[in-house]
2 protein chains.
Amino acid sequence: MRILFVEDEKKITDALQELCKIQNIDCDIANDGEEGLLFALNPIYDVIVLDIMLPIKSGIEILQQIREQGINTPVLMLTAKGTIDDKVKGLDLGADDYLIKPFSAKELFARIRALGRRPDHGIKGETIVFEDVNFNTKKNILQTAEKEFKLSVKEAKILEMLLKRPNQVFTREQILDRVWGFDKEVNENNIEIYVHNLRKKIINTQVKIDTIRGVGYTLGKK
Amino acid sequence: MRILFVEDEKKITDALQELCKIQNIDCDIANDGEEGLLFALNPIYDVIVLDIMLPIKSGIEILQQIREQGINTPVLMLTAKGTIDDKVKGLDLGADDYLIKPFSAKELFARIRALGRRPDHGIKGETIVFEDVNFNTKKNILQTAEKEFKLSVKEAKILEMLLKRPNQVFTREQILDRVWGFDKEVNENNIEIYVHNLRKKIINTQVKIDTIRGVGYTLGKK
DNA sequence: TTCGACAATGAGTATTTTTTTCATGTTAAC
DNA sequence: GTTAACATGAAAAAAATACTCATTGTCGAA
């Protein structure tokens, strides 16, 4: 699971970062609206958390613009107390949930988890099901009809990303961003290796990973 | 056994803490609803005791939210006299028992013990049974077909934690929190040592402890 | 209160697994 | 056919976990 927080208060972002670490969640932080939009346009997140009051560009604007661009990542808006207008606006524009500031961090995560596992992507509790494979995201175990594979952390992250959105094409850059994190200097060949390993493991299933030459990869039904 | 009390009256929490100590029960205390939810989302407790009237966030809300998150730890609600509505609400939302304030400590602990050994986790009286091992939580004795082991306190706490929820993955962090307590600075290597010792003891049984690399441990059937 | 036995911990080494690098083979597009 | 992108295999490097041992701490019995 990877989350984007767009929030300018350092005190808050520090706490969120720490909480993510404890819960084994990957996250990125954008400190203003401009940066936020830039990050949010990258369709690699399970959930985006948008503060409304932000420098440069408001959360509402960000939401509006990413939805225009066809990004349908679940969005949770943070609204200041009493600005119900904003809340309504946000929901109108396609926010999926909202939370009134000041909020408790744990409540935020409760809602994030709820958004992150909405059942429209074959997610059943802690496992993702697609065709004849299922993947336990807690134990990182890939189950096929004939065999069971314990995946490494990186393998698991790539599979989870592809499996959560079958038929969506992910660029190599997006995979790097989500699995290795931004500003990591990693050889793109590593992606090829992990895809190769995954392909070996799903070879006898109804699932395949296609190469989109010059772009990236996508997972789908055979 | 580890219990969470969410209760804001210091007089009560002091007494509970003392009573736990006498009975050799580990406990944590949260003084308001926010903190309570934070603690309660950590699936390391055998029982959670929730006062309903709490600062910041009510016990009902906490219960609601932890159940949404799939935490199925038994919950005992404390309701003020006459607020029967609250009682019903609590049971509706998935509370497992309730107690009307003011209550006698003896009764509270009787009910806690009852909740703590509900038979859905192989708990029979003071022993936990799973496959061909059983573990006496009072005497810290692990019984296998061929042998009997007297476990040390730490060994016993880890085994109890794993044994009570087979197949659930516990992160190293959660194990530290439950066995050593919060804010303890302990080398994670200690977990490995105890897991190693436990594995040696269950080697000829139907039970195994799996490593989930990069995450933690889980106990299950071979 | 002191002693002895055992438990808990820290530090270090060994082992296993993961991650990355590198070298080379294959395929698709032009 | 040439070239760039991708696939594959093997091995080096790094990281995580397993295990060992020495030291320190704790607790009960004498």
Side-chain angles (χ1 to χ4, degrees), chain A residues 21 24 26 138-142 148-162 169-181 183-203 208-219, chain B residues 21-22 24 26 137-142 148-162 169-181 183-203 208-219:
Chain A
K21 201 173 148 199
N24 212 11
D26 298 319
K138 279 269 187 327
K139 296 186 177 179
N140 292 158
I141 288 174
L142 168 65
E148 189 178 281
F149 301 91
K150 281 192 189 180
L151 304 190
S152 78
V153 174
K154 291 269 196 302
E155 251 182 326
K157 283 184 182 178
I158 292 181
L159 181 63
E160 183 188 331
M161 181 176 190
L162 297 174
V169 178
F170 292 99
T171 68
R172 285 148 171 270
E173 182 129 22
Q174 287 166 351
I175 295 172
L176 284 185
D177 287 349
R178 163 135 181 169
V179 175
W180 277 265
D183 55 68
K184 269 281 165 67
E185 291 281 342
V186 193
N187 193 326
E188 285 196 2
N189 181 227
N190 283 313
I191 301 176
E192 293 158 18
I193 290 166
Y194 284 109
V195 168
H196 177 230
N197 291 338
L198 285 170
R199 279 174 172 158
K200 278 196 290 195
K201 286 166 187 163
I202 59 172
I203 197 158
K208 67 184 195 318
I209 299 174
D210 285 329
T211 302
I212 311 299
R213 225 150 208 275
V215 185
Y217 297 92
T218 184
L219 177 149
Chain B
K21 205 172 154 193
I22 290 168
N24 209 16
D26 297 320
T137 57
K138 275 276 188 318
K139 298 178 179 168
N140 290 351
I141 288 174
L142 168 65
E148 189 176 282
F149 302 91
K150 174 95 172 74
L151 303 189
S152 78
V153 175
K154 291 272 195 296
E155 245 183 330
K157 284 186 181 179
I158 291 181
L159 181 63
E160 184 187 331
M161 181 176 190
L162 297 174
V169 178
F170 292 99
T171 66
R172 285 149 172 270
E173 188 111 23
Q174 287 168 343
I175 295 173
L176 284 184
D177 286 350
R178 163 136 182 170
V179 175
W180 277 265
D183 57 67
K184 267 282 165 65
E185 291 280 343
V186 193
N187 197 328
E188 282 194 5
N189 181 226
N190 284 308
I191 300 176
E192 292 158 22
I193 292 170
Y194 287 109
V195 167
H196 176 229
N197 291 338
L198 285 170
R199 279 174 172 158
K200 278 197 291 195
K201 287 167 186 161
I202 59 172
I203 198 159
K208 68 184 196 317
I209 299 174
D210 283 329
T211 302
I212 310 298
R213 235 151 201 273
V215 186
Y217 295 94
T218 184
L219 177 147

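All of these numbers come straight from a predicted model, not from anything done at the bench. Protein chains get the first letters and strands the later ones, always in sequence-line order, with residue 1 at the start of each.
- Regarding contacts with the backbone of D:dA18, every side-chain N or O of B:His196 stays at 4.0 angstrom or more from both OP1 and OP2.
- Across the protein-nucleic acid pair, A:Ile209 atom CD1 and D:dT8 atom P stand 12 Å apart, rounded to whole Å.
- Out of D:dT17, D:dC6, C:dT9, the shortest distance to the side chain of B:Asn190 is found at C:dT9.
- Residue A:Trp180 places at least one side-chain N or O closer than 4.0 Å to OP1 or OP2 of C:dT20.
- Contact annotation: A:Tyr194 does not reach the phosphate of D:dT8 (side-chain N/O to OP1 or OP2, under 4.0 Å).
- Here the OH-CD1 distance, from A:Tyr217 to A:Ile191, works out to 7.0 Å after rounding to the nearest 0.5 Å.
- Checking the phosphate oxygens (OP1, OP2) of D:dA16, no side-chain nitrogen or oxygen of B:Arg172 falls inside 4.0 Å.
- Judged by distance alone with a 3.5 Å cut-off, a donor-acceptor contact links the side chain of A:Arg213 to the base of C:dT27.
- Residue A:Val153 is classed as a sugar-phosphate contact, given heavy-atom separations below 4.0 Å to backbone atoms only.
- Using a 4.0 Å cut-off, no side-chain N or O of B:Thr211 falls inside it from OP1 or OP2 of D:dA16.
- Distances from the side chain of B:Val186 to the nucleotides D:dA7, C:dG10, C:dT21 place C:dG10 closest.
- For A:Lys154, the listed nucleotide lying nearest its side chain is C:dT20; candidates were C:dT20, C:dT9, D:dA7.
- Rounded to whole Å, atom P of C:dT18 lies 14 Å from atom NZ of A:Lys157.
- OP1 or OP2 of C:dT19 has at least one side-chain nitrogen or oxygen of A:Ser152 nearer than 4.0 Å.
- When all heavy atoms of A:Lys208 and A:Ile202 are compared, the pair lying nearest together is CA-CD1, 4.1 Å.
- Distance, A:Leu198 CG to C:dT19 C1': 14 Å, rounded to whole Å.
- A salt bridge links B:Asp26 and B:Lys157; the closest N-O separation between the charged side-chain nitrogens and carboxylate oxygens is under 4.0 Å.
- For A:Asn189 against D:dC6, a side-chain-to-base donor-acceptor contact under 3.5 Å is absent.
- In this entry the distance linking CD1 of B:Ile191 with P of C:dA8 reads 14 Å, nearest Å.
- Counting to the nearest Å, the P atom of D:dA16 and the CD atom of B:Glu173 are 15 Å from each other.
- Residue A:Asn197 contributes atom CG, which lies 10 Å from atom P of C:dT19 at whole-angstrom precision.
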